[in-house]
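In what follows, a structure is listed as C-alpha cells, so that the remarks can point back to it.
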Number of protein chains: 2
Amino acid sequence: MEHVREELDRLILKGGYGYASISRLLGRNPAYVQQFIKRGSPRKLDDQDRKTLACFFGVDEQVLGGPANPVTDGMVEIPVLDVEASAGFGAVAASESAHTRFGFDERWLRHLTSAKSASLSIVGVKGDSMEPTLSDGDEVLVDASDHGSRLRDGIYVLRSDDALVVKRIAIKPGGRQITIASDNPAYPTWHDMDRSEVHVVGRVIWFGRAL
Amino acid sequence: MEHVREELDRLILKGGYGYASISRLLGRNPAYVQQFIKRGSPRKLDDQDRKTLACFFGVDEQVLGGPANPVTDGMVEIPVLDVEASAGFGAVAASESAHTRFGFDERWLRHLTSAKSASLSIVGVKGDSMEPTLSDGDEVLVDASDHGSRLRDGIYVLRSDDALVVKRIAIKPGGRQITIASDNPAYPTWHDMDRSEVHVVGRVIWFGRAL
DNA sequence: CCTGATTGTAGGAATTTTCCTAGACTCGAA
DNA sequence: TTCGAGTCTAGGAAAATTCCTACAATCAGG
C-alpha cells in the first residue's frame with residue numbers, strides 16, 4: 001500500500017506540479033496531498049480522487065490502488081437474423097436497421113467455440129419439432145463454419161426449401177449416411193440420408209429461452 | 001443521494017435480512033448499516049462496501065450510488081455475478097477479477113421485462129435440481145426487483161445459508177403460504193412455507209445454455 | 001542582499017467516520 | 001408468562017479524516 005504513495009509522489013515530481021496544485025485539483029485543502037504522501041493520512045484515496053488523478057496523469061487507476069481493470073473491450077456482438085428474409089434464395093436486402101443482437105463476452109465465447117465471430121449468427125426457433133430441447137421462440141447461436149467434413153452428432157440448422165429448420169443429426173459410423181431427427185417424437189425421423197441431400201447452415205452451439 | 005439509503009433499506013427489508021446481518025456481511029460493527037440508513041452517517045458508502053452489497057443483492061452498483069453503466073447504442077450489458085463471493089454472509093472479499101457479462105438488445109429486453117437494467121444480473125446454475133428445465137452450467141437472467149409482494153408463480157433464485165439456489169415457487173391461492181419445488185422429481189418439495197422464511201433474490205426471466 | 005509570493009512541513013483543531021454500549025423491543029422456547 | 005437471544009435505536013466515545021495555520025525554505029525580481 002505504501003507503494004501507491006511513492007508512485008504518486010514520483011508522478012508529481014516528474015511533472016513538476018507540486019503538492020499544493022494537485023491538492024487544488026482535487027478540490028481539497030493545499031496540504032491534502034502532502035499529508036497523504038508524507039503522513040499516510042487517508043489510508044486509501046477516495047474513489048473519486050483516484051479517478052481524477054489517474055485521469056490527470058494518464059495512468060491506470062490500478063497504479064494508484066484502484067481495482068483491477070475488468071477489460072471492457074472483449075464484447076462480441078452477434079446479430080439476430082431475420083429468418084423471413086434470409087431463408088429464401090432471393091437476394092437478401094441487408095437492412096442495417098432494426099436488427100436485434102446479443103452481446104457475448106469474448107473469453108466466454110472462446111470457451112464455447114473457436115469460430116470467428118463473423119461466422120456466428122443467431123436465429124429464432126419456430127415450431128415445436130425440437131421439443132423438449134428447443135421450444136418455439138428460443139434463440140439459437142449458430143456456428144456457420146462448423147459443417148461440411150466437420151459434421152458430427154449434434155443439433156444443426158438446415159435449409160429446407162425456403163425455410164430454416166432445426167434438426168438433430170446423427171452420423172452413421174464410418175459412412176456418408178446420416179440420420180436426421182426431431183427431438184419431438186411426434187415428428188418423423190429420416191434414416192440413411194446422404195450428406196449431399198441436406199444443406200447445412202451451421203451447428204447450434206448455444207441457445208437462450210425466456211421463461 | 002438520499003435515494004441510495006432508501007433503496008438499500010428496501011432491499012434489506014424485502015429480503016428480510018435485517019441491518020445487523022448486512023453489517024456483518026461488510027465486516028463492520030452491527031450498527032453500521034442502520035447508521036448509514038437512518039443517520040446518514042457515512043455520507044457515501046465505501047467503494048468496497050458498495051461492490052459487496054451490489055453483488056449480494058444482485059443489483060448493479062449504480063443503484064447504490066456507483067458509477068453509471070455505459071449503455072452503448074441500445075445494448076445493455078448485464079454482469080455475471082461471482083456466486084462464490086456473493087452468496088454468503090461470511091465477510092467476503094469482493095473479488096475484483098474481471099466479470100464476464102452478456103449484452104442484450106434494449107428493445108428485446110424490454111419485451112421480456114419492464115425492469116430497469118440496473119436490477120438485472122446473471123447467475124450460473126449449479127447442480128441438477130432443476131432438471132430438465134435448467135441444467136448445470138446454464139446461465140440465468142435474474143430480475144432482482146421482482147419479488148416481495150410481487151411474488152408469483154415461477155422460477156426464482158433464493159438464498160439458502162451460504163449459497164444461491166434456483167427453485168420453482170408456487171403461490172397457494174389466497175394466502176401467504178408458498179410451495180418450493182425442484183423440477184427434478186428426485187428432489188423433495190416443501191409445501192406450505194411462509195413467505196418470510198425464504199430469502200428471494202429475484203425472478204428468473206431468461207436462461208442460456210451451451211449445447 | 002532585501003522583498004514578496006509561493007511552497008513544503010508539521011502541529012493541532014474541526015469534522016466525519018466508525019465503533020461501542022445500554023435500553024427498548026420482538027420473537028420463540030421453556 | 002417468563003426467560004433468553006436477538007434486533008433496532010440512539011447517545012456518545014474512539015479513531016480517522018480533513019482542514020487550518022504558523023513557520024521555515026525556496027525563488028524571482030529588484
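Letters A, B, ... are given to chains in the order of the sequence lines, protein chains preceding strands, and every chain is numbered from 1. We use all heavy atoms of the structure for the numbers below, so side chains are in, but hydrogens, waters and symmetry mates are not.
Note on B/Lys126 versus B/Asp136: no salt bridge recorded, every NZ/NE/NH1/NH2 to OD/OE distance being 4.0 Å or above. The pair A/Arg28-A/Asp49 counts as a salt bridge, with a side-chain nitrogen and a carboxylate oxygen less than 4.0 angstrom apart. Between B/Arg168 and B/Asp153 no salt bridge is recorded (no basic side-chain N to carboxylate O distance below 4.0 Å).
Separating the CZ atom of A/Arg43 from the C1' atom of C/dT18 is a distance of 11 Å, rounded to the nearest angstrom. Rounded to an integer number of Å, the gap from A/Ile22 CD1 to C/dG8 P is 10 Å.
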Practice prompt. Check the pair A/Arg159, A/Leu164 against side-chain contact (heavy atoms from CB on, under 4.5 Å), reporting the backbone distance first and the verdict last.
Written response: CA-CA 5 Å; A/Arg159 193 184 306 280; A/Leu164 296 182; 3.8 Å; yes
request  = Starting from the C-alpha separation in whole Å, work towards a yes-or-no answer on side-chain contact (heavy atoms from CB on, under 4.5 Å) for B/Ile22 and B/Leu11.
outcome  = CA-CA 11 Å; B/Ile22 299 298; B/Leu11 283 172; over 6 Å; no
Test B/Leu141 against B/Leu120 for side-chain contact (heavy atoms from CB on, under 4.5 Å), laying out the working first.
CA-CA 7 Å; B/Leu141 180 62; B/Leu120 299 176; 4.2 Å; yes
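The outermost nucleotides of DNA chain D lying under 4.0 Å from heavy atoms of chain A, listed 5' to 3', are D/dA16 to D/dC20.
Within residues 6-19 of chain A, the residues approached by DNA chain C to less than 4.0 Å at the level of any non-hydrogen atom are A/Gly18, A/Tyr19, in residue-number order. Against DNA chain C, the stretch residues 25-39 of chain A makes heavy-atom approaches under 4.0 Å through A/Ala31, A/Gln34, A/Gln35, A/Lys38, A/Arg39.
Using the six-membered ring where Trp is involved, B/Phe102 and A/Trp206 have ring planes that are parallel, under 30° apart on the 30 and 60° scheme.
In this structure, A/Asp49 and B/Ala20 both approach DNA chain D, and ranking their closest nucleotides by distance from the 5' end singles out B/Ala20.
Summarising the geometry of B/Asp105 relative to B/Met75, their closest heavy-atom pair is N-SD, 4.1 Å, with the distance given to 0.1 Å.
In this structure, the side chain of B/Asn184 engages the main chain of B/Asp128 through a donor-acceptor pair within 3.5 Å.
For the pair B/Lys51 and B/Phe56, the NZ or CZ position fails the cation-pi test of under 6.0 Å to the six-membered ring centre and within 45 degrees of the ring normal.
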